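This report refers to the structure that appears directly beneath it.
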Number of protein chains: 2
Amino acid sequence: MKSETLKLENQICFKIYTAEREITKLYRELLKELNVTYPQYLVLLLLWEKHSLSVKELGQRLFLDSGTLTPMLKRMEINGLVERKRSEQDERSVIVSVTKKGNALKEKAECIPSQLVDNIPMKKEELSLLNETLSNMLEQLQNHSK
Amino acid sequence: MKSETLKLENQICFKIYTAEREITKLYRELLKELNVTYPQYLVLLLLWEKHSLSVKELGQRLFLDSGTLTPMLKRMEINGLVERKRSEQDERSVIVSVTKKGNALKEKAECIPSQLVDNIPMKKEELSLLNETLSNMLEQLQNHSK
DNA sequence: AGTTATTAAGTTGTGCACAATTTAATTTTA
DNA sequence: TAAAATTAAATTGTGCACAACTTAATAACT
């Protein structure tokens with residue numbers, strides 16, 4: 001393995017680490033009006049689509065565990081965005097569903113993707129390629145970590 | 001703006017968010033032996049090169065502010081990896097320098113980049129392209145946030 | 001020189017993110 | 001069916017990450 005490739009990997013990891021924080025910063029601005037964080041927004045995106053999901057299902061889709069989700073969902077419940085209640089079929093499971101107030105944010109959030117794109121102007125082919133590359137990378141990473 | 005492009009952006013942001021955590025998880029494993037975190041490893045990479053840097057300089061290179069660095073550097077100091085002392089030229093500035101113990105970790109860390117590459121096997125051209133694309137994206141993002 | 005502005009760290013408070021463990025419910029199996 | 005294993009959340013503790021603010025030192029200006 002050539003040393004330049006090693007350095008490149010290191011650089012890419014640092015850039016992903018940095019890009020993640022810059023993207024989150026951008027979302028923070030866009031989401032300020034909705035009074036939600038980026039991870040909370042991700043939960044809402046799922047619940048706007050599916051209406052209600054268990055903590056486990058949320059975790060599988062977002063790759064987050066209950067140690068992260070439970071306190072976050074509690075904060076969202078306090079803010080009136082979601083409801084949490086034990087499943088009747090399986091008392092171990094907790095069903096999270098979006099409230100009327102949570103659903104109302106959907107409209108306000110409509111403009112976020114386009115605002116986001118305005119701030120990261122990239123050619124469509126470049127976006128597609130980046131998407132593809134990240135998918136491959138994620139597959140490798142996630143295969144390894146299980 | 002086509003809606004597919006909007007969705008793609010959203011997906012890419014989520015993938016970067018996810019990739020960052022997967023990469024950090026991988027580093028966590030590799031760095032376990034050294035008893036440092038990924039951000040601490042980044043500080044060490046700089047100090048192995050430059051020997052000593054101010055908090056401000058570290059922040060500029062890592063894009064982190066004193067609210068993140070100060071407590072982190074204190075933890076590293078407690079673990080004997082770095083020393084912190086006020087600059088004599090400018091008492092506002094704090095100079096962070098790597099200790100003998102911190103320098104000793106450099107040897108142990110030599111193998112990390114190659115181990116990392118083993119876990120993310122990608123073609124060199126793909127890596128270069130990803131590197132390029134991330135650089136462009138970061139430039140856009142960072143131009144906007146200042 | 002004395003006031004004002006700027007700069008560098010540090011502090012405080014909030015919210016992830018995750019390892020490790022605990023608790024309770026459900027499945028599996030002997 | 002009773003014991004063992006598995007599963008789903010919750011809890012506990014640590015470490016970033018960052019906004020907002022404070023403190024102290026230096027620089028700039030009148």
Side-chain angles (χ1 to χ4, degrees), chain A residues 14 17-29 31-32 34-43 53-79 81-82 84-96 145-146, chain B residues 14 17-29 31-32 34-43 53-79 81-82 84-96 145-146:
Chain A
F14 177 64
Y17 163 71
T18 306
E20 189 278 332
R21 287 182 295 130
E22 290 292 340
I23 288 172
T24 304
K25 198 179 295 179
L26 195 48
Y27 269 109
R28 194 176 298 125
E29 244 178 272
L31 293 170
K32 196 187 258 176
L34 312 200
N35 194 33
V36 294
T37 64
Y38 179 59
Q40 289 176 18
Y41 170 69
L42 293 176
V43 168
L53 288 165
S54 68
V55 172
K56 185 195 172 190
E57 288 168 324
L58 285 171
Q60 285 172 335
R61 284 167 169 78
L62 301 176
F63 308 106
L64 293 171
D65 68 8
S66 67
T68 300
L69 284 172
T70 297
M72 188 172 110
L73 293 168
K74 281 183 180 173
R75 283 188 288 273
M76 292 178 80
E77 189 176 40
I78 287 172
N79 291 337
L81 303 178
V82 301
R84 297 156 62 244
K85 67 169 207 236
R86 291 275 163 189
S87 163
E88 284 173 12
Q89 288 86 340
D90 186 341
E91 290 278 343
R92 289 173 303 181
S93 187
V94 165
I95 308 299
V96 183
S145 73
K146 12 166 241 215
Chain B
F14 177 64
Y17 164 71
T18 306
E20 189 277 333
R21 289 182 293 130
E22 289 292 339
I23 288 172
T24 304
K25 197 178 296 179
L26 194 48
Y27 269 109
R28 194 175 300 125
E29 243 178 273
L31 292 170
K32 195 187 260 177
L34 311 200
N35 194 33
V36 295
T37 65
Y38 179 58
Q40 289 176 17
Y41 170 69
L42 292 176
V43 168
L53 289 166
S54 68
V55 173
K56 184 195 172 190
E57 289 167 324
L58 286 171
Q60 285 173 336
R61 284 168 170 78
L62 301 176
F63 309 106
L64 294 170
D65 68 8
S66 68
T68 301
L69 284 173
T70 298
M72 188 172 110
L73 293 169
K74 282 183 180 173
R75 282 188 288 273
M76 292 178 79
E77 190 176 40
I78 288 172
N79 290 337
L81 303 178
V82 302
R84 297 155 63 244
K85 68 170 206 236
R86 292 274 163 191
S87 163
E88 285 172 12
Q89 290 85 340
D90 185 341
E91 289 279 343
R92 290 172 302 180
S93 187
V94 166
I95 307 300
V96 183
S145 73
K146 8 167 244 216

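Everything numeric in this text was worked out from a predicted model, so none of it was measured. Letters A, B, ... mirror the listed sequences (proteins, then strands); counts begin at 1.
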Could you check whether B:L69 gets within reach of a base, just the sugar-phosphate, or nothing at all, counting any heavy atom under 4.0 Å?
nothing
Phosphate OP1/OP2 of D:dA24: any B:R86 side-chain N/O under 4.0 Å
no
With DNA chain C as reference, determine whether A:F63 or B:P71 sits nearer its 5' end, using the nearest nucleotide of each.
B:P71
Using 30° and 60° as the class boundaries, would you call the ring planes of A:Y17 and B:Y38 parallel, tilted or perpendicular?
perpendicular
Where is the tightest heavy-atom contact between B:P71 and B:S66, given as atom of each residue plus distance?
CD-O, 3.7 Å
Looking at D:dC18, C:dT7, D:dT7, which one has an atom nearest to any side-chain atom of A:R92?
D:dT7
What closest approach, in Å, do B:R21 and A:L62 show between heavy atoms, and which atom pair accounts for it?
NH2-O, 3.0 Å
Kindly say if A:K74 contacts the phosphate of D:dT11, meaning a side-chain N or O under 4.0 Å from OP1 or OP2.
yes
Is there a side-chain contact between A:S66 and the phosphate of D:dA9, meaning an N or O under 4.0 Å from OP1 or OP2?
no
Nearest whole Å is fine: how far is D:dA17 C1' from B:L73 CG?
14 Å
Per atom distances to the A:D65 side chain, the nearest of D:dA19, C:dA25, C:dA19 is C:dA19
Between B:R75 and A:S54, whichever has its closest DNA chain D nucleotide further toward 5' is A:S54
Closest non-hydrogen contact found for A:R86 with A:R92 is NH1-O, 2.9 Å
Could you please name the option among D:dA10, C:dT26, D:dT26 that lies closest to any side-chain atom of B:E91?
D:dT26
Proximal nucleotide (of D:dA17, C:dA19, D:dA9) relative to the A:V55 side chain:
D:dA9
Under 4.0 Å: is that the gap between some side-chain N or O of B:Y17 and OP1 or OP2 of C:dA17?
yes
Assert: residue with more 5' nearest nucleotide on DNA chain C, out of A:S87 and A:T37, is A:T37
Short side-chain N/O contact from A:T24 to OP1 or OP2 of D:dA17, under 4.0 Å
no
N or O in side chain of B:Q89 less than 4.0 angstrom from D:dA25 OP1/OP2:
no
For a quick test of reading the model: is some side-chain N or O of B:R28 closer than 4.0 Å to OP1 or OP2 of C:dA19?
yes
Counting only side-chain nitrogens and oxygens, does A:T68 get under 4.0 Å of the OP1 or OP2 atom of C:dA17?
no
May I ask you to verify if any side-chain N or O of A:S93 is less than 4.0 angstrom from the OP1 or OP2 atom of D:dA9?
yes
Minimum-distance nucleotide to A:D90 side chain [options: C:dC16, C:dA25, D:dC18]
C:dA25
Tell me whether the side-chain N/O atoms of A:R84 come closer than 4.0 Å to OP1 or OP2 in D:dA9.
no
